[in-house]
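A short worksheet on the structure shown next.
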Number of protein chains: 2
Amino acid sequence: MGQDIAECCPALLTAPLDEEQAEAVAKVFKALGDPVRLRLLSMIASRSGGEVCVCDLTPAFDLSQPTISHHLKLLRQAGLIDCERRGTWVYYWLLPAATDRLARVLTRPAGAPPADTAAAAR
Amino acid sequence: MGQDIAECCPALLTAPLDEEQAEAVAKVFKALGDPVRLRLLSMIASRSGGEVCVCDLTPAFDLSQPTISHHLKLLRQAGLIDCERRGTWVYYWLLPAATDRLARVLTRPAGAPPADTAAAAR
DNA sequence: CTTCTATCTTGACGTTCATCGATTCAAGGC
DNA sequence: GCCTTGAATCGATGAACGTCAAGATAGAAG
């Protein structure tokens with residue numbers, strides 16, 4: 001069924017996306033479209049050592065533990081992070097391939113006109 | 001008041017985002033978190049000449065014209081596109097600075113471990 | 001000035017989402 | 001076995017979102 005962003009690398013800014021591609025990419029962007037999830041991802045990605053325990057994430061927010069757990073689940077379903085239980089604690093880490101793909105989706109082909117040229121020329 | 005993504009260039013994957021930064025960046029990602037808006041943006045960005053008339057966008061979707069207009073408004077409020085009325089028609093174009101900034105937000109610092117190393121090492 | 005076409009705005013409706021409290025599950029330590 | 005602690009799931013609730021039909025607005029052409 002639906003295409004996965006892991007398989008395709010649509011060039012968003014070069015050619016029109018078809019519906020399947022748009023659906024797959026939108027799923028990941030939607031996961032990033034919440035400030036709590038962005039901060040969670042940022043805390044996980046920037047952690048030296050590459051992984052973070054949930055118990056280190058929760059106290060940084062003014063939210064209940066189930067809510068944090070919910071957001072982590074959405075990030076995981078979007079393929080942005082993964083986790084593993086080790087004893088009593090659960091550790092999360094970034095899947096850099098996912099953010100790399102997204103960055104590529106947003107990158108204009110080399111040789112494109114410099115930023116804002118189109119607007120300035122008007 | 002709230003920070004704008006135009007002013008800051010937070011490195012999402014390098015250091016933890018603060019709440020203001022997260023709010024600003026999330027606003028843009030949320031705009032991209034819908035397949036219709038992604039396809040609209042893609043159609044606008046990939047158009048040779050740099051601009052598209054609404055009348056060229058609407059027939060590509062199985063949606064009412066007001067719905068398309070609504071999505072275009074959200075993309076514009078996110079700072080991703082801009083528009084101008086010229087006679088009877090309204091033309092939209094990409095603001096490349098916005099997508100450039102987003103791509104940079106998602107880019108890992110040079111020298112970071114290759115994609116998925118963290119997971120594979122486990 | 002009236003009419004026609006292209007687009008935007010408004011108001012309403014059903015769906016999805018973020019959040020919480022309560023509960024459940026998993027793993028250790030007693 | 002039975003607590004204790006960390007984390008996930010469940011069920012409910014209010015807010016935000018996507019969509020449409022109807023109406024409003026802007027410009028061009030008669």
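Convention: sequence-line order gives letters A, B, ...; per-chain numbering from 1.
Contact check on Asp100(A) versus Arg108(B) returns a salt bridge, with a Lys/Arg side-chain nitrogen under 4.0 Å from an Asp/Glu carboxylate oxygen.
For Leu32(B) and dC17(D), the CG to P distance is 14 Å, given to the nearest whole Å. Nucleotide dC20(D) holds its P atom 12 Å from the CZ atom of Phe61(B), rounded to whole Å.
Tested against Val36(B), the residues Leu74(B), Leu72(B), Leu63(B) include a single side-chain contact (heavy atoms from CB on, under 4.5 Å) partner, Leu63(B).
Lys30(A) has no side-chain polar atom (N or O) that falls below the 4.0 Å cut-off from OP1 or OP2 of dC17(D). Remark: Thr67(B) is not in phosphate contact with dG18(D), judged by side-chain N or O atoms under 4.0 Å from OP1 or OP2.
A distance of 10.0 Å separates CG in Leu80(B) from CG in Leu38(B), rounded to the nearest 0.5 Å. Atom CD of Glu51(A) and atom CD1 of Ile81(A) lie 12.5 Å apart (nearest 0.5 Å).
Between Val52(B) and Met43(B) there is no side-chain heavy-atom pair separated by less than 4.5 Å. With a 4.5 Å cut-off on side-chain heavy atoms, Tyr91(B) and Cys83(B) do not count as touching.
Using modelled atom types, one side-chain atom of Ser42(B) and one backbone atom of Leu17(A) make a donor-acceptor pair closer than 3.5 Å.
Counting 5' to 3', DNA chain C first comes under 4.0 angstrom of a heavy atom of chain A and last does so at the ends given by dC17(C) to dG28(C).
Heavy-atom contacts from other residues, nucleotides or ligands closer than 6.0 Å to CD of Gln65(B) number more than 12.
Sequence neighbours left out, the pairs with a member in residues 55-64 of chain A that pass side chain to side chain donor-acceptor pair (under 3.5 Å) are Arg47(A)-Asp56(A), Ser64(A)-Thr67(A). Identified under the ring pair (Phe, Tyr, Trp, His ring centres under 6.0 Å) test for residues 43-80 of chain A, with sequence neighbours left out: none.
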Legend entry - Summary of protein contacts for nucleotides 22-30 of chain D, nucleotide by nucleotide, where a base hit scores B, a sugar-phosphate-only hit scores S (4.0 Å, heavy atoms): B---BSS--

Legend entry - Evaluation steps, side-chain contact (heavy atoms from CB on, under 4.5 Å), between Trp93(B) and Glu84(B): CA-CA 9 Å; Trp93(B) 58 86; Glu84(B) 185 188 56; 3.6 Å; yes

Inset, instruction - Walk me through it: do Arg39(A) and Glu23(B) pass the test salt bridge (charged side-chain N to carboxylate O under 4.0 Å, His left out)? - result: CA-CA 9 Å; Arg39(A) 287 181 60 206; Glu23(B) 202 84 44; over 6 Å; no

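Using a 4.0 Å heavy-atom criterion, one finds that Tyr92(A) contacts the sugar-phosphate atoms exclusively.
Residues from residues 68-76 of chain A with heavy atoms under 4.0 angstrom of DNA chain C, sorted by number: His70(A), His71(A), Leu74(A). A heavy atom closer than 4.0 Å to some atom of DNA chain C occurs in Asp34(A), Arg37(A), these being the qualifying members of residues 33-40 of chain A.
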